[in-house]
Amino acid sequence: MMNNSGSDIMKITDKEIEVLLLTNFVEDEVSELPLYVKNILNGQYRDVLNSELYFNLIKLYNHDNFVKLIHNSIEKEVTMHTFWLCAGTASMLYFIKCNWTGPQSDEDIEWLKGQKESALTDLSLHDECNTNIKKPELLYFSKIIFSNKILQSTYKSCIWWLFRANLLHQFVLNESSGVIFDETEQLINKIIDLPLLKNIHCKTLFYIETAQFYSYYRRIQSLEKYLEFAQETAKLSFSLEGALGKRTKYQKEDKAQLYLKTNLKKDQFPFRRCQNLPKSLDLNDDIRLERIEFSESIKNIQLGAVEEAIVLTKYVQLLISQPRDKITDEEVKPYLTYVIESTRNWSLKMTALYYRCSMESVDKRAVERSMMQMEYLIYEFKNTKVPVAHRMDMFFASGLKPIWVLEQTWAHLMFNLGLVKSALDIFLKLQLWEEVIACYNRLELKHKAIEIIHQEISKKPTIQLWCVLGDATQDSNHYETAWKLSNEKSSRAQRDWGFFYFAKKNYKEAIPHLKLSVELNNIQENVWIRLGFAALQIEDWKLAATAYKHYCALEQSTFEAWNNLAKAYIKLGDKAKAWKTLQDAIKCNYDNWQIWDNLMIVSIDLGEFSEVIRCYHRILDLKNNHLDVQVLDILTHAILNNINDSDGNSAQRLLPKTLELFGRISFIIPNNFHIWKMYGQLTALKKTDIDDEKAAQYLQQAHRAAVSDPKWFQQEESIQDILQLCCELAEMYLHCTSNCEIKKKRTLLGSAKLSLQGVVKKVQDQKWNNEKLSIHLQKVEEYLNVVTNELEKIKLTN
C-alpha cells in the first residue's frame with residue numbers, strides 16, 4: 001500500500017481493506033479509501049448504516065422475510081459486496097459501542113429498529129438473552145450478513161467477523177451455549193487456513209482472539225495452545241524475575257519482589273496511542289506503597305498494544321488454570337501491573353483495571369479502592385473524551401467486559417462491604433433477581449423479594465423469573481411453568497428443576513431433569529457434575545461414567561470428578577479406563593494420597609507393577625505411614641514367580657526398586673511380620689551369600705514380630721502363618737550354614753533352634769484338633785530335628 005500524491009496514488013486493494021477493518025488501524029492517511037471504510041475507521045458507524053444502505057434498502061423496513069431479503073440482495077448485487085462487508089462491520093461495531101465501549105447512544109437505526117423482537121427470538125437460542133443488552137438488532141443484522149456464503153467467498157474475512165459475532169452473541173446470553181461453542185470451533189478451523197493469516201499482524205491478532213474465546217469457556221489447554229502461538233508469532237517472551245525493593249511505607253530493608261521481564265525479538269506491531277486513558281486510582285493506604293519501589297530501575301522493552309494483549313491474556317490463563325490463593329495472586333499480579341502501567345490502549349487499560357478490581361475485591365486493605373475503581377470505570381464508559389475509534393482498538397483481543405458486567409461487579413462489591421441498599425438498586429436495574437433476593441434476605445425482607453418477582457411476572461413473564469420464583473418459594477410447579485413458557489426447549493428451566501430435587505437429595509427425581517438439561521445444552525459443567533454425583537448415589541454406574549466423562553472434558557482440573565469417573569469405570573469392570581482416568585486425576589491434585597491409593601490398587605489389578613511401586617512411594621511421601629499388605633503381597637508374588645507385567649516384561653526386573661520400597665516401609669513400620677517376611681523372600685532372590693544372610697535376618701525379624709503378639713497361638717490363621725514362616729526361616733538358616741565357618745554355623749543354627757522350639761511348644765500346648773495345622777506343625781518339627789542334628793554334629797566334631 002502506497003500513499004503518493006496526484007496521479008501516482010495507488011488504489012487500495014480489497015484485501016488491504018479487509019486487513020484495515022479487521023485491525024481497525026491505518027498507519028498512513030490513505031485518501032483512496034472508500035468513504036464508508038473511512039467512516040468505520042473513524043468510528044462513524046451510524047453514518048455508514050444510514051447512508052447508502054438507507055437509500056438502497058429502505059424497502060427492508062417491515063418486510064416479512066428480513067433474512068431472506070438480505071441474502072437475496074447480497075447474491076444479486078455483486079457490485080455491492082464491499083458495501084455489505086462494511087454494513088455488517090459497522091453494525092457490529094455500533095452494537096459494541098452501545099454495550100461495551102461507550103459512550104452509549106440512544107439513537108436507533110430507524111429502518112432496522114423494527115427487527116428487535118426477531119433479533120431477540122433468534123439470538124436467545126431457546127433460553128433468554130440478557131435483559132440489559134441495547135440494540136440487539138445490530139448484532140442480528142451483522143450475523144445475517146457475515147453468514148452469507150456468497151459474501152464469504154468474496155471476502156474471506158467475513159468468516160473471521162462471524163467468529164467475532166459469535167463471541168459477542170455468547171456474551172449476550174444468560175447461559176453458555178454449546179451450539180455457539182461448536183459453531184465457533186468450526187469457524188476457527190476455517191480461519192486458520194485463510195490467506196489473510198499470511199499477514200503476521202492479522203495472524204497474531206487472530207491467535208489472541210481465539211485464546212480469549214477459549215478463556216470464556218475455560219478450555220485451558222486450547223487457551224494455552226493459542227496463546228503460545230501468539231507469543232511465537234509476535235516473537236515475544238516474558239518471565240517473572242526477582243529484584244530488591246520495598247512495598248510498605250515503613251519497610252527499612254529491601255526484599256525480593258517479583259516483576260515481569262519482557263523481551264521482543266522484532267519490531268512492535270503498529271498501534272495507535274490513545275490520549276485520556278482511564279486512570280488507575282491510588283490505594284491511599286496507611287501502610288502499603290502505591291506501587292513497589294525497586295532499589296534499581298527496572299529496564300524493560302516497550303511493547304505495543306498487540307504484545308500487551310498477549311501479556312494480559314497470559315494473566316487470564318494463569319488465573320483460571322490455578323487455584324485462587326495469595327501465592328497465585330502474587331505470581332500473576334506482575335502481568336496485570338505491567339499492562340496497567342505501560343499500555344496506551346483504552347480497551348486494554350479498562351480490562352486490566354477491571355481484573356485488578358476483581359483481584360482486590362477479596363483484599364481487605366484494597367477492597368475500597370476496588371469499589372471506587374469500578375465506579376470510575378463505569379463513569380469512563382459514559383465519558384466522551386476518548387474517540388470511539390480509539391476505544392475500538394484491540395477490542396476483540398482485550399477481553400473487555402460489557403457494561404452490565406461492570407455494574408454487576410460494582411454492586412457485588414457494595415454488597416460485600418455492607419452497602420446492601422445501594423447494591424439492591426443496581427441489581428434491580430440490571431434485573432439480577434437472584435441477587436435481589438439475596439439483598440432482601442440480608443435486609444430481612446424475604447417477602448418483599450417474592451412480591452417484586454410476582455410484579456415483574458405480571459408485567460412480562462419470562463423463563464428466568466419463573467425459575468427464580470421457584471427457587472424463592474421452593475415450589476417445583478414454577479419450574480414446570482417456565483418449561484412450558486419456553487415451548488419445552490429451555491435448558492435453564494430443566495436445570496433449575498433438577499437442582500431443586502438435587503438440593504433435597506432426591507437424586508432419582510433430579511436425574512431426568514438434569515439429563516434433559518444437558519441434552520439441550522451440553523456445556524453446562526455444573527449440571528454434568530451433579531448428574532454424575534446423583535447417578536453415583538443411585539448406583540447407575542453407566543450414567544455416572546457418561547456424566548463425569550463429559551464434565552472432565554469441560555473442566556479438567558477437578559480431581560474429585562476424575563476420581564469419581566474412575567470409580568464408575570471400576571464398578572463397570574473397565575479397570576483399564578479407570579487406570580487412565582486416575583492418571584488424569586493425579587495431574588489435577590498431586591498431593592492427594594487417596595487418589596494415589598486408588599491408582600495403586602487399580603495398577604496392581606492390571607499388572608502395572610512399576611506404577612504400583614511409584615504410587616506406594618508417593619503415598620509414603622504424603623502420609624509418612626501406610627500399610628497395604630494385600631498390594632505388597634501381590635507385588636511380591638509377581639516377582640517371586642517372575643510373572644509378566646501389563647507390557648509383557650518380567651516382573652523380576654523390578655526387584656531392586658521393590659527392595660528399595662520394602663527397605664523404606666520396614667524402617668517406618670518395624671513390627672509387621674508380613675513386611676519382614678516378604679522383604680526376606682525378595683532379598684533371597686539375589687542369591688549371594690551376603691543377601692542370603694540378610695534374608696535370614698529379615699525372616700528372623702518377621703518371626704520376632706509375629707510371636708510378639710501374646711495371643712498369636714490362640715488363632716488358627718496366625719498359627720498357620722507362623723508355622724509356614726518357621727519352615728522358610730529354617731530352610732534359609734540351613735542354606736546359609738551349608739558353607740560357613742563352624743562358629744558362625746553354631747550361632748545361626750542355635751538361633752533357628754530357639755525360634756522353632758518356642759513355636760512348636762506353644763502350638764503343642766494348645767492341643768489343636770486341626771488336620772492342616774497338624775501337617776504344618778509336623779513340617780516344623782521335621783526342620784527342628786534337622787537343625788538339632790546339625791548342632792549335634794558340630795558338638796561331636798569339637
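From a predicted model like this one, the values you see are computed outputs, not experimental measurements.
No side-chain N or O of Gln302 forms a donor-acceptor pair with one of Ser342 less than 3.5 Å apart. Side-chain atoms of Thr82 and Tyr155 include a donor-acceptor pair closer than 3.5 Å. Asn263 and Lys235 form no side-chain donor-acceptor contact under 3.5 Å, judged by distance and modelled atom types alone. Side-chain polar atoms of Ser517 and Gln524 form a donor-acceptor pair below 3.5 angstrom. Between the side chains of Arg356 and Ser280, at least one donor N or O sits under 3.5 Å from an acceptor N or O. Between the side chains of Asp127 and Ser491, at least one donor-acceptor pair of N or O atoms lies under 3.5 Å.
For the pair Gln104 (side chain) and Cys98 (backbone), a donor-acceptor distance under 3.5 Å is present. Checking side-chain atoms of Arg219 against main-chain N and O of Tyr217 turns up a donor-acceptor pair under 3.5 Å. Proximity of a side-chain donor or acceptor of Asn487 to a complementary backbone N or O of Lys489 within less than 3.5 Å is not detected. At distances below 3.5 Å, not a single donor-acceptor pair connects side-chain atoms of Asn99 with backbone N or O atoms of Ile133. Using a distance-only test at 3.5 Å, with no hydrogens or angles considered, a donor-acceptor pair links the side chain of Arg164 to the main chain of Leu22. In terms of modelled atom types and a separation under 3.5 Å, the side chain of Trp346 and the main chain of Ala389 share no donor-acceptor contact. With hydrogens and angles disregarded, no donor-acceptor distance shorter than 3.5 Å links the side chain of Glu77 to the backbone of Ser73. Asn276 places no side-chain N or O within 3.5 Å of a backbone atom of Val386 that could act as its donor or acceptor partner. Distance alone, capped at 3.5 Å, is enough to place a donor-acceptor pair between the Glu16 side chain and the Thr13 backbone. For Glu308 (side chain) and Leu348 (main-chain N/O), no donor-acceptor pair under 3.5 Å exists by modelled atom type.
The pair Glu107-Arg46 meets the salt-bridge criterion, with a side-chain N (NZ, NE, NH1 or NH2) lying under 4.0 Å from an Asp/Glu carboxylate O. Using a cut-off of 4.0 Å between Lys/Arg side-chain N and Asp/Glu carboxylate O, Arg218 and Glu555 are scored as salt-bridged.
The line from NZ of Lys15 to NZ of Lys198 is 7.5 Å long, rounded to the nearest 0.5 Å. Once rounded to the nearest 0.5 Å, the distance linking OG of Ser398 with CD of Gln212 reads 7.0 Å. Rounding to the nearest 0.5 Å places NZ of Lys333 at 5.5 Å from CD of Glu360. Atom CG in Leu353 sits 10.5 Å away from atom OG in Ser370 (nearest 0.5 Å). Rounding to the nearest 0.5 Å places CG of Leu432 at 4.5 Å from CD of Gln408. Note that SG of Cys158 is 11.5 Å distant from CD1 of Ile150, once rounded to the nearest 0.5 Å.
With sequence neighbours excluded, the residues satisfying ring pair (Phe, Tyr, Trp, His ring centres under 6.0 Å) with His412 are Phe427.
With respect to Glu175, the side-chain hydrogen bond (donor to acceptor under 3.5 Å, both in side chains) criterion is satisfied by exactly one of His126, Arg495, Gln170: Arg495.
Here the closest non-hydrogen pair linking Phe95 and Lys135 is CD1-O, 3.3 Å. Here the shortest heavy-atom pairing between Leu264 and Ala234 reads CD1-O, 3.4 Å. Residue Leu123 comes nearest to Pro136 through the heavy atom pair CD1-O, 3.8 Å, listed as atom of the first residue, atom of the second, then distance. Pairing each heavy atom of Cys86 with each of Val48, the nearest pair is O-CG1, 4.1 Å. Smallest separation of non-hydrogen atoms from Ile159 and Leu194: CD1-CD2, 4.3 Å. Taking both residues in full, the closest heavy atoms of Trp528 and Asn522 are given as NE1-O, 2.9 Å, listed atom of the first, atom of the second, then distance.
In this pair, Trp161 and Phe146 present their aromatic rings parallel. The plane angle is below 30°, not in the 30 to 60° band.
You'll find the side chain of Leu312 stays beyond 4.5 Å of the side chain of Thr343, heavy atoms only. A 4.5 Å side-chain heavy-atom check between Ile208 and Thr204 finds at least one atom pair inside the cut-off. You'll find the side chain of Val388 reaches within 4.5 Å of the side chain of Pro103, heavy atoms only. The shortest distance between side-chain heavy atoms of Phe66 and Phe141 falls below 4.5 Å. You'll find the side chain of Glu434 reaches within 4.5 Å of the side chain of Gln464, heavy atoms only. Within the 4.5 Å cutoff, the side chain of Glu331 has heavy atoms near those of the Gln322 side chain. Between Phe163 and Ile188, some side-chain heavy-atom pair lies under the 4.5 Å cut-off. Under the 4.5 Å side-chain criterion, counting only non-hydrogen atoms from C-beta, Leu85 is in contact with Leu21.
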What donor-acceptor contacts under 3.5 angstrom involve side-chain atoms of residues 222-232, with partners at least two apart or in another chain?
unit_1 : atom_1 : unit_2 : atom_2 : d
Glu224 : OE2    : Gln317 : NE2    : 3.1
Gln231 : NE2    : Leu236 : O      : 3.4

From CA spacing to verdict: ring pair (Phe, Tyr, Trp, His ring centres under 6.0 Å), Tyr315, Tyr338: CA-CA 10 Å; Tyr315 165 81; Tyr338 182 91; over 10 Å; no

Run the side chain to side chain contact (heavy atoms under 4.5 Å, CB included) test on Val306 and Phe271 for me, step by step, so that the C-alpha distance in whole Å, both residues' side-chain angles and the decisive distance to 0.1 Å come before the verdict. CA-CA 8 Å; Val306 175; Phe271 71 101; 5.8 Å; no

Test log, rule side chain to side chain contact (heavy atoms under 4.5 Å, CB included), inputs Phe381 and Trp100: CA-CA 8 Å; Phe381 175 81; Trp100 269 266; 5.7 Å; no

Given the rule in the side-chain hydrogen bond (donor to acceptor under 3.5 Å, both in side chains) test, do Trp160 and Glu18 qualify, once you have shown the distances and angles that lead to the verdict? CA-CA 10 Å; Trp160 190 340; Glu18 287 185 275; over 6 Å; no

Before giving the answer on side chain to side chain contact (heavy atoms under 4.5 Å, CB included), spell out for Leu167 and Thr184 the whole-Å C-alpha distance, their side-chain angles and the decisive distance to 0.1 Å. CA-CA 8 Å; Leu167 188 53; Thr184 310; over 6 Å; no

Run the side chain to side chain contact (heavy atoms under 4.5 Å, CB included) test on Leu93 and Met392 for me, step by step, so that the C-alpha distance in whole Å, both residues' side-chain angles and the decisive distance to 0.1 Å come before the verdict. CA-CA 8 Å; Leu93 296 180; Met392 210 61 68; 3.9 Å; yes

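Within a 6.0 Å radius of NZ in Lys279, no more than 12 heavy atoms belonging to other residues, nucleotides or ligands are found. In Asp267, the CG atom is not crowded: 12 or fewer heavy atoms of neighbouring residues, nucleotides or ligands sit closer than 6.0 Å. More than 12 heavy atoms of other residues, nucleotides or ligands shown are found within 6.0 angstrom of NZ on Lys401.
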